[in-house]
Protein chains: 2
Amino acid sequence: MDKQRSKDGRGDPSSRPRFVQIADEIRGQIATGALKEHDILPSERSLSEQYDVSRMTGRRALEALETEGLVYSADRRGRFVSPQRLKYNVSNMVSFVSTAQADDVDLKIEVVETVETVADGKLAALFEQPVGSPIIAYTRLFHSGGHPIFIETEYLVADRFPGFLHYDLRQSTTQILESSFATTASTGDIVIRMRGVKTDEAQLLSISNTHTVIELEQVIRDEAGVPFCFGHQVWRGEMAEFSAHAIVAGRSVGKV
Amino acid sequence: MDKQRSKDGRGDPSSRPRFVQIADEIRGQIATGALKEHDILPSERSLSEQYDVSRMTGRRALEALETEGLVYSADRRGRFVSPQRLKYNVSNMVSFVSTAQADDVDLKIEVVETVETVADGKLAALFEQPVGSPIIAYTRLFHSGGHPIFIETEYLVADRFPGFLHYDLRQSTTQILESSFATTASTGDIVIRMRGVKTDEAQLLSISNTHTVIELEQVIRDEAGVPFCFGHQVWRGEMAEFSAHAIVAGRSVGKV
DNA sequence: TGTATAAACTGGTATATACCAGATGTGTTT
DNA sequence: AAACACATCTGGTATATACCAGTTTATACA
């Protein structure tokens, strides 16, 4: 039924593993433009026929491209060429939404959940408020080109922004805060790290639960230095790149 | 020879895949401290015996933990519990080396390569210098706790820093530039992205070539705004987290 | 024309097996 | 005590097979 292959596929000791060679060929096709953004890639089974390898080897080639970020996978539909990365300037906190729209990125925002809750220990410390003080929280899913790119959950001090949840959250919240609550983002502290995706996140982002994401946390402060917003974003790692502009402060005295 | 198992291991339809369950158990052992930093994990083969699954299933569990960053693997020696992340504040460009040492991180620097070359198109544009102008480049491998954590390649305008390569590069180069060349980092532009590792990088960082890394690029400017250093770092993604302090500049006129 | 059904895909999970090459440990010989 | 050889450990690569559960498409039926 199956074609005959040498027992362990190690016919030529060409040093580089077979699956790497196959991945390289596909990578080339993406580079030359033979495969374009969101184009479907050959399936595991068709790859295995095409290159006369087992399905598992074809799969490994595709998985390699997936961890590289060149390819994304949609459960049981196939694998596709990843689009260009979205650029996110974390220093320009004015609004990711407005800057993205100015850059002609088609951005769609889906409100996943809105809740009125109270501050736990962590949030209380962040906001310099007592534990149990009212907090507004909302989770939104951001799409670009019809594909989910990141989940954002933001926490606000409720007393400061009464009736906030009645606004349409499918727009820049920074803008709502600025125009309706006279609160402007002035400084922010941001943390970026790479980590494994959690099950619920994977579902929302429609990626497999063995994938890696980029987690971005930020505390936003007003002109008086008072923190009023805590944001938490989970990005599909291959979909974005983050930039920042740093200014060396306190350049004065003997800092080692 | 092998124990009898049901044909496809789908004995109970407990919804969650077997390899996820095994990964969860190990994750628990790490969380409770039963497995500590740099402790060796059970091997693929011993896992398969312990849980009565095939080696491939045990492997998938370990690979899942690896992509999460909880575990790192040393080729053909075994898999180990990842240490705590290193914290890198990209806004504080004064020197990663000095801040890390102040934080009691034992940092070892290995000089991989030093070359005197000329500017290609990209570097010329960055430095606002003609193509072909002399450039100093050096690559260093940073270790912490005896483990490689990132590779850094820095490019300097050669004319500005004569004899730079005669200094001992196993220290903070920012400090050399400051004390010996009266050049101080004042501002910087940083880009952070996640991507697949390249073969040569994987070798230096001793990770498998199917892994994901974090790439960090920065252009450093002096007080006059003249760019004098271009840095390029490749981090083991699970080993670090990056923070930044942002100040919203140009808060003045009608910026949308 | 629309809808239900079935067939033909897709990747996901799982088993079993085989051999390779590097790393490590255990002796034995020099 | 150092050198060598060997067995045994590790993960890495590869094949073959099987069944599952969604997605898509073609087909037949109302």
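Worth saying up front: this structure is predicted, and the values here are computed from it rather than measured. Each chain gets a letter, A, B and so on, in the order the sequences are listed, and its residues count up from 1.
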Atom-pair distance (OH on B:Tyr72; C1' on D:dT10), nearest Å: 15 Å

Contacts of type ring pair (Phe, Tyr, Trp, His ring centres under 6.0 Å), residue A:His211, not counting sequence neighbours: none

A:Leu126: partners by side chain to side chain contact (heavy atoms under 4.5 Å, CB included), with sequence neighbours left out: A:Leu123, A:Val219, A:Phe230

Residue list, ring pair (Phe, Tyr, Trp, His ring centres under 6.0 Å) with B:Phe19, at least two apart or on another chain: none

Nucleotide C:dT15, atom P - distance to CZ of B:Arg18 in whole Å: 8 Å

Could you list all N or O pairs between the protein and nucleotides 8-10 of chain C that sit under 3.5 Å apart?
| unit_1 | atom_1 | unit_2 | atom_2 | d |
| --- | --- | --- | --- | --- |
| C:dT10 | OP1 | A:Ser43 | OG | 2.8 |

Intermediate values then yes/no, side-chain hydrogen bond (donor to acceptor under 3.5 Å, both in side chains), B:Ser48 and B:Ser54: CA-CA 5 Å; B:Ser48 79; B:Ser54 76; over 6 Å; no

Atom-to-atom span, CD of A:Glu63 to P of C:dG11 - whole angstrom: 11 Å

Gap between atoms CZ and C1', on B:Arg16 and C:dG12 respectively (whole Å): 16 Å

Sugar-phosphate, base or nothing in reach of B:Arg59, heavy atoms under 4.0 Å: base

Touch class at under 4.0 angstrom, heavy-atom based, for A:Arg55 against every strand present: base

Interatomic distance, B:Asp52 CG vs C:dT15 P [rounded to whole Å]: 8 Å

Ring pair (Phe, Tyr, Trp, His ring centres under 6.0 Å) partners of residues 39-63 of chain A, not counting sequence neighbours, each pair once: none

Summary of salt bridge (Lys or Arg N to Asp or Glu O under 4.0 Å) pairs that have at least one residue in residues 191-209 of chain A, sequence neighbours excluded: A:Arg193-A:Glu215, A:Arg193-A:Glu217, A:Arg193-B:Glu241, A:Arg195-A:Glu201, A:Arg195-A:Glu215

Value in whole Å for how far the P atom of C:dG22 lies from CD of B:Gln203: 11 Å

Proximal nucleotide (of C:dT15, C:dT13, C:dG11) relative to the A:Ser73 side chain: C:dG11

B:Leu41 CG - D:dC9 P separation (whole Å): 19 Å

Between C1' of C:dG11 and CD of A:Glu66, the distance in whole Å: 10 Å

